[in-house]
Protein chains: 2
Amino acid sequence: MSHLRYCCLMAVDREHVLRSAAALLTRKSTATMDEVAKAAGISRATLHRQFAGRDALVRALEALGIEECEAALDAARLGDGTAQEAVRRLVGELERSAGLLAFLYTENQLFEGDGQHEGWARIDVRVAALFRRGQESGEFRIDLTPAWLTEALYGLMASASWAVTEGRVAAKDFHHMIVELLLGGALRREEP
Amino acid sequence: MSHLRYCCLMAVDREHVLRSAAALLTRKSTATMDEVAKAAGISRATLHRQFAGRDALVRALEALGIEECEAALDAARLGDGTAQEAVRRLVGELERSAGLLAFLYTENQLFEGDGQHEGWARIDVRVAALFRRGQESGEFRIDLTPAWLTEALYGLMASASWAVTEGRVAAKDFHHMIVELLLGGALRREEP
DNA sequence: CGCAAGTGAGACATGAATGTCTCACAAGGA
DNA sequence: TCCTTGTGAGACATTCATGTCTCACTTGCG
């Protein structure tokens, strides 16, 4: 009978371990299981008891990232108001997960086609649909495909996340930099 | 007396090896030295005779990337015409190196602060100076810092490179997608 | 007070990539 | 033809992350 009660100090909060691992791997994607364990304040043995191996850990992080992404998509209410407003809300909701997403984004690049998690496809569809809505409403230009705008959003978020980490961009500017570049571009708009 | 003449078939063209390695590592950044050697059509022993180790190979690729970047910067004549035109030329010149640059871009993320190649700093300065020039001439908006625009350029090029590799974006649209998003953004411009 | 459960520390084996070495072979030059 | 040079193939030791195991310790509970 597996009652999920805490027994001892039970520092082994699965959630806490995942958060620590995400924070560490975001900074150093090649960190060892030993380093991950130390970062979480547990021993390597305990880490192994929770996640069968490095693969399982990364998969769990991927699931966490997808979960947070979909939560952000829900919270951003992509169908409300103009598409532009929805994009702004979406970036705001995704900001807290940016580090984890940046890690997963590059991690996925080296999963050479052995099939990635279906969750990403679901997310891609929803984001692309938002851009498509903006195109159909006349807000967004139609020469940039929704697929590319989606990809660009991911890329800009990852770039911004690293730029903030390395101090090249102020953390408080994260949202503004991404949204303004993605929506408005670098060119100065002529005053109407 | 080391005369640099060819002796046998001399399939070991250092340039060719680097190109092959770049092409392979761009697709699979975790490729083995053995795989790199096979991709170049040489044995692992010969590969090792040219590059002391994996580190040396990556360093050589980094040097190649920097070299191509600076060549692109030169060819783009960043000082000529408007900054906008210069950005368009720059992306065009960088397109052929996009895969290699994308590989090096992510590779650098896991060099946790142990000092990266000075060449990148030189390139950063030149690109940032271009964006600064655009700001001072009134072409570019001033609320997006040159450092961020530089970072965004790298990020968009890497994203576009992957998107093309995975078939989500047509290769022929590479230049247009990057330049238009970076300069104009997703929002439709009001017709003047 | 014991018992059960979970943990930390560490030993140990495994597998993979790496780096080093030797040896035989092919090709060009004297 | 002989010698030099560079190469391919393979054996070998090494390193490192990983996965598995044991054992002692601590804590909560009956």
Side-chain angles (χ1 to χ4, degrees), chain A residues 1-62 103 106-107 109-112 114, chain B residues 1-62 103 106-107 109-112 114:
Chain A
M1 180 177 295
S2 68
H3 50 103
L4 298 176
R5 277 186 205 298
Y6 288 78
C7 160
C8 320
L9 287 182
M10 187 61 87
V12 189
D13 184 4
R14 182 187 158 97
E15 185 74 11
H16 170 251
V17 174
L18 277 179
R19 295 290 169 187
S20 306
L24 174 60
L25 289 173
T26 291
R27 285 178 289 119
K28 186 185 178 187
S29 60
T30 58
T32 302
M33 290 293 275
D34 220 340
E35 297 175 285
V36 172
K38 285 206 192 321
I42 62 177
S43 70
R44 196 163 66 95
T46 303
L47 177 61
H48 253 280
R49 287 185 189 105
Q50 297 223 345
F51 303 99
R54 189 189 181 76
D55 269 2
L57 176 62
V58 174
R59 294 304 174 95
L61 283 174
E62 189 176 37
F103 162 68
T106 58
E107 194 77 2
Q109 301 306 328
L110 49 81
F111 281 0
E112 69 280 2
D114 59 339
Chain B
M1 181 177 294
S2 70
H3 49 104
L4 299 175
R5 277 183 207 299
Y6 288 77
C7 159
C8 320
L9 287 181
M10 186 63 87
V12 190
D13 184 4
R14 181 188 158 95
E15 185 75 10
H16 170 250
V17 174
L18 277 179
R19 295 290 169 188
S20 306
L24 174 60
L25 290 174
T26 290
R27 283 176 292 118
K28 186 184 177 189
S29 60
T30 59
T32 302
M33 291 293 276
D34 222 339
E35 296 174 286
V36 172
K38 285 207 192 321
I42 61 176
S43 71
R44 197 164 67 95
T46 304
L47 176 61
H48 233 279
R49 287 185 189 105
Q50 296 220 346
F51 304 98
R54 190 189 180 76
D55 269 2
L57 176 63
V58 174
R59 293 304 173 95
L61 283 174
E62 188 175 39
F103 162 68
T106 58
E107 196 77 1
Q109 301 307 331
L110 49 82
F111 281 180
E112 69 281 1
D114 59 341

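Letters A, B, ... mirror the listed sequences (proteins, then strands); counts begin at 1.
Here the closest non-hydrogen pair linking B:Val17 and B:Ala40 is CA-CB, 4.2 Å. Across all non-hydrogen atoms, the minimal contact from B:Arg14 to B:Ala60 is NH2-CB, 3.9 Å. In plain terms, the two heavy atoms of A:His48 and A:Met33 that are nearest each other are NE2-CE, 4.3 Å.
At whole-Å resolution of the value, CG in A:Leu47 and P in D:dT18 are 10 Å apart. In this structure, A:Asp55 atom CG and D:dG19 atom P are separated by 7 Å, rounded to whole Å. For B:Phe51 and C:dA17, the CZ to C1' distance is 19 Å, given to the nearest whole Å. Atom CG of A:Asp13 is separated from atom P of C:dT7 by 11 Å (rounded to the nearest Å). Distance B:His48 NE2 to C:dC21 P: 11 Å, rounded to the nearest Å. Whole-Å rounding puts the A:Asp34 CG to D:dG19 P distance at 12 Å.
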**Study point:** Base versus backbone protein contacts along nucleotides 9-17 of chain D [heavy-atom cut-off under 4.0 Å; B, S, -]
**Key:** B-B-----S
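In this structure, B:Leu18 and B:Leu57 have side chains that are in contact, with non-hydrogen atoms separated by less than 4.5 Å. Looking only at side-chain heavy atoms (C-beta outward), A:Glu107 and A:Leu25 stay at 4.5 Å or farther from each other. Between B:Arg59 and B:Phe51 the shortest side-chain heavy-atom distance does not fall below 4.5 Å.
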